[in-house]
Number of protein chains: 2
Amino acid sequence: MPPDAARRSDRSRLAVLAAARDLVAEVGYPRVSIEAIARRAGVGKQTIYRWWPSKGAVALDAVRALSEGEGGAITLPDTGDLEADLKTVLRATAAEFTDPALSALLRALYAEIAVDPELATLYREKVDHPLTEAKLARLRSGQRAGQLHPDADLALCLDFLYAPFTQRWLHRAGPLDEAYADALVEATLRAFAPAHDVDPRPSRPPQADR
Amino acid sequence: MPPDAARRSDRSRLAVLAAARDLVAEVGYPRVSIEAIARRAGVGKQTIYRWWPSKGAVALDAVRALSEGEGGAITLPDTGDLEADLKTVLRATAAEFTDPALSALLRALYAEIAVDPELATLYREKVDHPLTEAKLARLRSGQRAGQLHPDADLALCLDFLYAPFTQRWLHRAGPLDEAYADALVEATLRAFAPAHDVDPRPSRPPQADR
DNA sequence: ATATCGAGACGAGACGGTCCGTCTTGACAT
DNA sequence: ATGTCAAGACGGACCGTCTCGTCTCGATAT
């Protein structure tokens, strides 16, 4: 007996997501209780338990609400220069990861996902998959333009672009600056370059090794 | 007034880590309470609170206890064939990520790390850094053998090898099989290959040159 | 050498608080 | 009439702190 979604109060829904967003930013996700969200939102506890299965699910929706001003389908910039476009997008991602409200929520979401398989599935379907499709589209466009090898594994290419970036941010292993973004894009394109695009190594990042 | 480490009961320490390991495997990390760990370990609650600042810190030590049969310094295989060695190591990592007890603990640890900066620092120092050093050493050896570009950014190279692997596992985005491990190694080596080791696509084992 | 003693970690668990997830109530909307 | 809503009561679990009495030490006194 699922609740009747048609009669759902949008007012309460938004109040819950906003309260969750603010509380997570203020006291940190682990110290946010569902009771506190309800209090802050001016909402009955049951209203939260009726519509969300877990605190993590609320976090997921709060993330979606924050990063979804776009409304319709997501489209990445396509100026014809794949390398430049990817650097632009990666820098934008860095900015999102740096935004306090969004980043606190995203950290919480990744934490719950690591430990909650059902939430992970929800995340993949509702957040990751649409984004991945948009990114893949841009890579395919670059591939058609001869900027990637015709046989390149584009999914793997995406992993190379985003996984190191996300991990560095999650582990706080280093700054998400333009140097790192650029190095990531350049090395990835090197790995998936078309056959005879032989241009030797450009510069090496400053602190390479000791 | 930190407690006197010299008088610490090793018996209790090990019992706590074992109890944590077992409980996490049995009921899942979020449902493991410190009280339950103490009960299972036959240990006073205070003994846990005395030596660990949080449940996540216990998880970190439990992971260390599990993956630290090695004792001394970590060394990666070095047969002279970098590509083969990296595939070997990545497959071993996949096996660790598949082991039920270790993987449940590791998921918990990554979840806490995402949200707890202090624990993240501890993780980087005690777990990640030593491992990274060992991996870097192997890459340097390959670099000296001419299997990597002399100016290659080895830290970035490591990110390429491991971050996509870890993320795929964390997000349950796909199987951690040999095909993925091999593709990861091949594409990474392509990105950091020495200058004129042309012959792009279908990767071929590097010929030992010297 | 042996006995005494104090410090501190130990197992056990009491304690007040918080939060969990469920359930009940009465108001309100459709 | 039905179902969501805000509000909050409810028993139970767990939190983190604390107080017990026991035990193992090393230092000192005999």
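Letters A, B, ... mirror the listed sequences (proteins, then strands); counts begin at 1.
Geometrically, A/Arg107 does not engage A/Tyr29 in a cation-pi contact defined by less than 6.0 Å to the ring centre and at most 45° from the axis. Within the cation-pi definition used here (under 6.0 Å to the ring centroid, within 45° of the axis), B/Arg7 does not qualify as a partner of B/Trp51.
For A/Gln46 and C/dC23, a side-chain-to-base donor-acceptor distance below 3.5 Å is present, hydrogens and geometry of angles not being considered. One N or O donor and one acceptor, one from the side chain of B/Lys45 and one from the base of D/dG16, sit under 3.5 Å apart. Judged by distance alone with a 3.5 Å cut-off, a donor-acceptor contact links the side chain of B/Arg7 to the base of C/dA7.
Of all nucleotides listed (C/dG11, D/dG16, C/dC20), D/dG16 comes nearest to the side chain of B/Ile34. Side chain of A/Glu35, nearest nucleotide from C/dG21, D/dC14, C/dG11: C/dG21.
Distances shorter than 4.0 Å separate some side-chain N or O of A/Thr47 from OP1 or OP2 on D/dA6. At C/dC10, one or more side-chain N or O atoms of B/Trp51 fall inside 4.0 Å of OP1 or OP2 (strictly under the cut-off). Contact between the side-chain N/O atoms of B/Arg50 and the OP1/OP2 oxygens of C/dC10 is found at a separation under 4.0 Å. OP1 or OP2 of C/dG11 sits under 4.0 Å from a side-chain N or O of B/Ser12.
Ring centroid separation for the pair A/Phe192 and A/Phe160 comes in under the 6.0 Å cut-off.
With the end axes of the helix from C/dA1-D/dT30 to C/dT30-D/dA1 each set by five pairs, the angle from one to the other reads 10° at 10° resolution.
A salt bridge links A/Arg40 to A/Glu26: at least one charged side-chain nitrogen sits closer than 4.0 Å to a carboxylate oxygen. One finds a salt bridge joining B/Lys45 and B/Glu35 here, because a Lys/Arg side-chain nitrogen approaches an Asp/Glu carboxylate oxygen to under 4.0 Å.
Mapping B/Ala41 and A/Ala36 onto DNA chain C via the closest heavy atom, the residue that lands nearer the 5' end is B/Ala41.
Side-chain contact between A/Leu86 and A/Leu90: absent, with no pair of heavy atoms (C-beta onward) separated by less than 4.5 Å.
If you take CD1 of A/Ile37 and P of C/dC19, they are 11 Å apart, rounded to a whole angstrom.
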